[in-house]
Undergrad: 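Pasting in a structure now, in structure tokens, and then I'll have a few things to ask.
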Amino acid sequence: MSNEIPKVYNPTEVEQKWYKFWEENKLFTPEENSSKKPFTIVIPPPNVTGNLHMGHALDNSIQDVLIRYKKLKGFNALWVPGTDHAGIATQNVVAKALKKEGERKEDLGRENFVERVWKWKEEYGGNITRQLRRLGASLDWTRERFTMDEGLSKAVTHEFVALYNEGLIYRGKRLINWCAKCGTAISDIEVEHEMKKGNLWYIKYPVESTKVSVTVATTRPETMLGDTAVAVNPKDKRYKKLIGKMLVLPLVNRKIPIIKDDFVDPKFGTGAVKVTPAHDPNDFEMGERHELPRINILTKDAKITFEEFADEDKQEISEIEGMDRFKARQRIVELLEEKGFLEKIEDYETSIGECYRCKTVIEPYLSDQWYVKVKELARKAIKAVEDGKIKYVPNRWTKIYINWMTNLRDWCISRQLWWGHRIPVWYRGDEIYVGEEPPKGDGWEQDPDVFDTWFSSALWPFSTLGWPEKTKDLQTFYPTDVLVTGYDIITFWVSRMIMMGMHFMKKAPFHTVFIHGLVRDAKGKKMSKSFGNVIDPIEIIDKVGADALRFALISLITGQGQDIKLTPDKITEARNFTNKIWNVARFVLMAMEPEAKSLGSIDPDRLELPDKWIISRNQNLAAEVDKLIDGCDFGEAARKIYDFLWGDFCDWYVEISKKDLYSEDKTKKEKTLSVLLYVLERTLRVMHPFMPFISEETWQILTNNLQLTTNNLKSIILSKWPKVDNSLIDEKTEKSFNLVKELIVKIRNIKAEMGVQTKDIELIIVSPKRDIDAGAQFIKSLAKVSSISVQKVLKSKPEQSATGVVHDVQFFIPLKGLVDIEKEVERLKKEDEKIDKELSHLNKLLSNKNFVDKADPVAVERQRSRQKELAEKKTIIAARIKDLS
RNA sequence: GGGCGUGUAGUUUAGUGGUAGAACGCUUCCUUCACACGGAAGAGGUCGCAGGUUCGAUCCCUGCCGCGCCCACCA
């Protein structure tokens, strides 16, 4: 049978087979009425129209590790899947697609358009969930949710109405961030600021009925059309006399006052600021303080409008009306220059706000919007973290979170979109109705706006479990346990979940927030379509399998949550690792054939040094990985598994085992085989959360061969995390075997340096203090020597030989005619030099009274024994050099 | 302007108060019956710079320099 198993692991078939098996047998669905402790994670819902990118791959791999691990540890684990309707993003995607077909959403009308989005969702919404399956994510698909589901929509409506009734929601006409391309308001945090090169234009505003003028500096000259004042600092002597005087706004000829306000920095520009209350947040506030009129100059698609202008103000500039904002800027500057109002232009770098979705420059824009009062909500959300009810991992995010939450401003939750949860507010004349059900009676019209997507995602940890109904799931699985996400959406999402969770559920939605880094390209750049540096996870899965991708990503996670630079090298390394796993399983399987199909458990009495060593190492592995996952140190856990499987198990134990496996001694063969099997099987279970497919496949093959098959459903998912038997962890054994390892390496080293290839070597080992008989036979096979004689005291000094010293053990490799004595002396002298260097350092250290008295006694002892060892080593080498020369 | 992170072999990086580990690449050898997506051996590091704490610092503290990120209403 083993001959049929290919040498190179082929993940594609294996992965499809097992995912289907798991899902069909509902292995991802928690037990009902279970007495087991629940463990819950809700997936950060990807956009329903989205595709799996590397960020998702990392994020969900981590969550899958946790869920599979907890399941093995005996928890009733639930991982809730779902997708987000993603208001702006989805609406834009569909509108774009329509455009390609020559249709415009405005022509379709709201109802038809929304219907088209639903259709789109039906068609492509399965994309991302299919891709999550390819990743191996053990999501309970029987509980899949969508933020626009009936239940979740009800939850959002309930949320709004409840907050409204508590007085935590209000409507106000304020300056919001307007994206002209998306045609909607967006919240403060949806604006991305970037420093861009621009200009500072200096414009002269003539003082009424005089020949003097006041010069103002601006980065957005077109906004002068909406100026209703010029402000100066009250203490600014230059302008003291002018305060209260009127200016004539160039081109427009509107009369505007010079006002005083502390906001103005006399040192910046000319110390005089044009005030445009309808188009700048600071000016808006100044406008409020001085009761200035607010004149809007832009339409919703960012074209100049004179709608709010007095007739006489339009005359000189009629050509500007209807012009795009940037064109208008250009033209206005030209006009100002022509008419002598432009004093100068300077280069100036300034931060420009852009829409995080479409990168369009944001306009501060005056409009009616719904807001959530966040102060009280934020206070509770901060307290939850300060009280330790929620812990950020790594901890540094705690400070950042608190700092951000402390300075939070009210949250604008209405969006001028068609795709989303419609705001449950109706108007009839001056009447307003807010309720979960539409009002009775005629003439009511619903608010046309929808909610910010994050207003619904804020409820995700409990709305997915049935809230506001008191469902069994909600009782069982809320609060959830760990939230796993990248730091880019702490503000958008995590903080809002905490606010709403604390407010509505009175309980933190999760006790731990694990924040990981972002996946970047080889140069550390963000992966994005426009850079062309995107690595598609599905393509990688097609090529090397989900296990390799998952392992590559997870093993790159660091304790501090650094961003991850993903390179093809790393993926290849992980691919090679899966192949290694595959082959070592093949090796064990082949060794089991044909007769050894009924292996019992290991017999402690028959174990030899390497057996005890690998078993001890394996116990340590299970214990360490256990601890590391619990501490959210997933990267270190993965690396530990790699080192054990490859470094300890394959490189050493498997190599050593070959001697027994190919020997005639049946007892020995069975003993070694049972150890191989014991260690491998346990390792597969430790590995399973990280690499679910290959662990299941190999585990199934191995256990099938043991003929343990019962009629019951069998899967590694249903097995248990390996029990750690502390009596099998043996430091002494590990030390003894390490000596053997070091001796083998040293012998190989000398052989390689001497250019010796023959195996016909009669090795002499001199070990005055330690008994290394237990290891001698392994040295023989792995270092490739024909015989070994172990002596307590050297009987006769071999002349033609190379010498090695490991700790206090000396060995001779007699090689008549092969060893060049001069060369050997030189080699030994070099080693001696090295020892001298270290010894002098140690001598200095140990003769230092301060060190001996103050340092940790354990550390002192360690240095002492090292010193002793080196001294002995030096004696041996010196004696040998003397002998030879 | 404030805050955070980071600077370790040619490259990508772990990590620790007691003279540094890995992977890739490189050199030499091995097509030995698990694996050439492999095995063996090796070269390669004053752990950004300058101070301080300490018996001792790559690790702790301070400053500086470089890189990255987040937050902030300066026209």
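The basis for the numbers below is simple: all heavy atoms, side chains too, and nothing from hydrogens, waters or symmetry mates. Letters A, B, ... are given to chains in the order of the sequence lines, protein chains preceding strands, and every chain is numbered from 1.
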Undergrad: Answer yes when A:Lys834 and A:Glu838 have at least one side-chain N-carboxylate O distance shorter than 4.0 Å, and no when they do not.
TA: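 A:Glu838 and A:Lys834: not salt-bridged.
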Undergrad: Roughly how far apart, to the nearest Å, are B:C60 and B:C71 at atom P?
TA: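 Here B:C60 and B:C71 have their P atoms 27 Å from each other.
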Undergrad: Can a side chain N or O of A:Thr350 be found less than 4.0 Å away from OP1 or OP2 on B:A75?
TA: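 The answer is yes; a side-chain N or O of A:Thr350 sits under 4.0 Å from OP1 or OP2.
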Undergrad: So if I take every side-chain heavy atom of A:Arg575 and compare against B:C74, B:C37, B:C35, which nucleotide ends up nearest?
TA: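 Between B:C74, B:C37, B:C35, the one nearest the side chain of A:Arg575 would be B:C37.
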Undergrad: Report which part of the nucleic acid A:Trp201 touches: base, sugar-phosphate, or nothing (heavy-atom distance under 4.0 Å, all strands).
TA: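 Nothing: the residue A:Trp201, judged by heavy atoms under 4.0 Å, touches no strand.
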Undergrad: Which one is paired to B:G1, where only Watson-Crick or G-U wobble pairs with both distances under 3.5 angstrom count?
TA: B:C71
Undergrad: With both distances under 3.5 Å as the test, what is the Watson-Crick or G-U wobble partner of B:C33?
TA: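 Partner of B:C33: none.
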Undergrad: Donor-acceptor pair, distance only, cut-off 3.5 Å: does the side chain of A:Thr219 make one with the backbone of A:Leu200?
TA: no
Undergrad: So A:Thr567, base contact, sugar-phosphate only, or nothing? Heavy-atom distance under 4.0 Å.
TA: nothing
Undergrad: When rounded to the nearest Å, what value does the distance between P atoms of B:A40 and B:C33 take?
TA: 15 Å
Undergrad: If you measure from the Lys or Arg side-chain nitrogens to the Asp or Glu carboxylate oxygens, is any gap between A:Lys640 and A:Glu636 under 4.0 Å?
TA: yes
Undergrad: Scan every strand shown for a Watson-Crick or G-U wobble partner of B:C60, both distances under 3.5 Å, and answer none if you come up empty.
TA: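 When the pairing criteria are applied, B:G52 turns out to be the nucleotide that pairs with B:C60.
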Undergrad: Regarding A:Lys565, tell me which of base, sugar-phosphate or nothing describes its non-hydrogen contacts under 4.0 Å with the strands shown.
TA: sugar-phosphate
Undergrad: Within the 4.0 Å heavy-atom criterion, would you say A:Val745 contacts the bases, only the backbone, or no part of the nucleic acid?
TA: sugar-phosphate
Undergrad: Have a look at A:Asp280 and say if it touches a base, only the backbone sugar-phosphate, or nothing, with a 4.0 Å heavy-atom cut-off.
TA: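 Nothing, no heavy atom under 4.0 Å.
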Undergrad: Which whole-number value in Å describes the distance from A:Ile490 CD1 to B:G3 P?
TA: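 After rounding, the gap between these two atoms is 19 Å.
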Undergrad: Give a yes/no on whether any side-chain N or O of A:Asn749 is located under 4.0 angstrom from OP1 or OP2 of B:G42.
TA: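 For B:G42, OP1 or OP2 has a side-chain N or O of A:Asn749 closer than 4.0 Å.
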Undergrad: Should A:Arg748 be listed as having a side-chain N or O under 4.0 Å from OP1 or OP2 of B:A41?
TA: yes
Undergrad: Any side-chain N or O of A:Lys399 less than 4.0 Å from the OP1 or OP2 oxygen of B:C4?
TA: yes
Undergrad: For the side chain of A:Cys650, counting heavy atoms from C-beta on, which of B:A34, B:C24, B:C69 is nearest?
TA: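 Looking only at side-chain atoms, A:Cys650 lies closest to B:A34.
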Undergrad: Please evaluate the base of B:C4 for a donor-acceptor partner in the side chain of A:Arg396 within a cut-off of under 3.5 Å?
TA: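 No, no donor-acceptor pair under 3.5 Å.
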Undergrad: Among A:Val333, A:Asp227, A:Thr218, A:Leu249, find the one that has a side chain to side chain contact (heavy atoms under 4.5 Å, CB included) with A:Ile203.
TA: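 One option only clears the test, and that one is A:Thr218.
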Undergrad: Answer yes or no: side-chain N or O of A:Gln560 and base N or O of B:A14 forming a donor-acceptor pair under 3.5 Å.
TA: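 Side chain to base: no pair present.
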Undergrad: Identify, between A:Asn848 and A:Ile564, the residue whose nearest nucleotide on RNA chain B lies closer to the 5' end.
TA: A:Ile564
Undergrad: Check the surroundings of atom CG in A:Asp760: do more than 12 heavy atoms from other residues, nucleotides or ligands lie under 6.0 Å from it?
TA: no
Undergrad: Considering only side-chain heavy atoms of A:Asn583, which listed nucleotide, B:G39, B:C35, B:G18, is closest?
TA: B:C35
Undergrad: Taking only N and O in the side chain of A:Lys658, is any of them less than 4.0 Å away from OP1 or OP2 of B:A34?
TA: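 Yes.
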Undergrad: Are any non-hydrogen side-chain atoms of A:Ser781 and A:Lys658 less than 4.5 angstrom apart?
TA: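 A:Ser781 does not reach A:Lys658 side chain to side chain.
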Undergrad: Can you tell me the distance, in whole Å, between the CG atom of A:Leu845 and the P atom of B:G56?
TA: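 For the pair A:Leu845 CG and B:G56 P, the rounded distance is 11 Å.
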Undergrad: From the options B:A75, B:U19, B:G39, select the nucleotide whose nearest atom is closest to the side chain of A:Asp651.
TA: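 Out of B:A75, B:U19, B:G39, the nucleotide with an atom closest to A:Asp651's side chain is B:G39.
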Undergrad: Give a yes/no on whether any side-chain N or O of A:Tyr662 is located under 4.0 angstrom from OP1 or OP2 of B:U32.
TA: no
Undergrad: Does A:Tyr9 have a side-chain nitrogen or oxygen under 4.0 Å from the phosphate oxygens OP1 or OP2 of B:A34?
TA: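 No, outside the criterion.
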Undergrad: Please give the distance between the P atoms of B:A14 and B:G51 as a whole number of Å.
TA: 28 Å
Undergrad: Paired with B:U6 by Watson-Crick or G-U wobble geometry, both distances under 3.5 Å: which nucleotide is it?
TA: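 Here B:U6 is engaged in a pair, and the nucleotide opposite it is B:G66.
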Undergrad: If you measure from the C1' atom in B:G17 to the same atom in B:C65, how many Å do you get, rounded?
TA: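 The answer is 26 Å between these two C1' atoms.
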Undergrad: Give A:Asp265 one of three labels, base, sugar-phosphate or nothing, depending on what nucleic acid heavy atoms sit under 4.0 Å from its own.
TA: base
Undergrad: Let's see if you can work this out: which of B:C24, B:C37, B:A75 has an atom nearest to the side-chain heavy atoms of A:Asn579?
TA: B:C37
Undergrad: Do A:Glu869 and A:Arg866 sit within salt-bridge range, that is, some charged N less than 4.0 Å from a carboxylate O?
TA: yes
Undergrad: Within the 4.0 Å heavy-atom criterion, would you say A:Val852 contacts the bases, only the backbone, or no part of the nucleic acid?
TA: nothing
Undergrad: Nearest to the side chain of A:Phe851, which nucleotide is it out of B:C24, B:C55, B:U19?
TA: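 That would be B:C55.
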Undergrad: Taking NZ from A:Lys570 and P from B:U11, how many angstroms apart are they, rounded to a whole number?
TA: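 Rounded to the whole Å, the gap is 14 Å.
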Undergrad: Under 3.5 Å, is there an N or O donor on one side and an acceptor on the other linking the side chain of A:Lys7 and the base of B:C35?
TA: no
Undergrad: Can you tell me how far C1' in B:G1 sits from the matching atom in B:A43, rounded to whole Å?
TA: 50 Å
Undergrad: For A:Phe577 and B:C24, give me the distance from atom CZ to atom C1', rounded to whole Å.
TA: 17 Å
Undergrad: For A:Tyr487, which of A:Ile400, A:Asp563, A:Val494 qualifies under side chain to side chain contact (heavy atoms under 4.5 Å, CB included)?
TA: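 The side chain to side chain contact (heavy atoms under 4.5 Å, CB included) with A:Tyr487 is passed solely by A:Asp563 among A:Ile400, A:Asp563, A:Val494.
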Undergrad: Give the nucleotide from the list B:C37, B:A34, B:C69 with an atom nearest to the side chain of A:Val654.
TA: B:A34
Undergrad: Which nucleotide sits closest to the side chain of A:Tyr348: B:C69, B:A75, B:C55?
TA: B:A75
Undergrad: Whether A:Gln562 contacts B:U13 is assessed here as follows: a side-chain N or O lying under 4.0 Å from the phosphate OP1 or OP2. Is that the case?
TA: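 So the side chain of A:Gln562 is outside the cut-off, no N or O lying under 4.0 Å from OP1 or OP2 of B:U13.
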Undergrad: Phosphate oxygens OP1/OP2 of B:G21: is one of them under 4.0 Å from a side-chain N or O of A:Lys640?
TA: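 Checking B:G21 against A:Lys640, no side-chain N or O comes under 4.0 Å of OP1 or OP2.
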Undergrad: Between B:G38, B:U32, B:C37, which nucleotide has the shortest distance from any of its atoms to the side chain of A:Lys784?
TA: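 So the nucleotide nearest the side chain must be B:U32.
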Undergrad: Counting only Watson-Crick pairs (N1-N3 plus N6-O4 or O6-N4) and G-U wobbles (N1-O2, O6-N3), all under 3.5 Å, who is the partner of B:A40?
TA: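 Pair assignment: B:A40 / B:U28.
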Undergrad: Tell me whether the OP1 or OP2 atom of B:G38 has a side-chain N or O from A:Asn576 closer than 4.0 Å.
TA: yes
Undergrad: A:Arg586 CZ to B:C33 C1': how many Å, rounded?
TA: 10 Å
Undergrad: If I pick the C1' atom on B:U16 and the same atom on B:G56, what distance separates them, to the nearest angstrom?
TA: 14 Å
Undergrad: Round to a whole Å and report the spacing from CZ of A:Phe268 to C1' of B:G1.
TA: 14 Å
Undergrad: Is A:Trp397 close enough to B:C71 that one of its side-chain N or O atoms is under 4.0 Å from OP1 or OP2 there?
TA: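 So the side-chain polar atoms of A:Trp397 never come under 4.0 Å of the phosphate oxygens OP1 or OP2 of B:C71.
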Undergrad: Rounded to whole angstrom, note down the P distance from B:A72 over to B:C67.
TA: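 Taking atom P in both B:A72 and B:C67, they lie 24 Å apart.
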Undergrad: Do the side chain of A:Arg174 and the main chain of A:Phe284 share a donor and acceptor less than 3.5 angstrom apart?
TA: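 Not at all, since once roles are kept as given, no pair shorter than 3.5 Å links the two residues.
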Undergrad: Indicate, with a heavy-atom threshold strictly under 4.0 Å, whether A:Arg639 touches base, sugar-phosphate, or nothing.
TA: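 Sugar-phosphate: the residue A:Arg639, judged by heavy atoms under 4.0 Å, touches backbone atoms but no base.
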Undergrad: Hey, does A:Thr491 reach any base, or is it just sugar-phosphate, or nothing, if we go heavy atoms under 4.0 Å?
TA: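 A:Thr491: no heavy atom of the nucleic acid under 4.0 Å.
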Undergrad: Can you confirm if the NZ or CZ of A:Arg617 lies within 45° of the ring axis of A:Trp652 and under 6.0 Å from the centre of its six-membered ring?
TA: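 Relative to the ring axis of A:Trp652, which defines the angle, A:Arg617 lies outside at least one limit.
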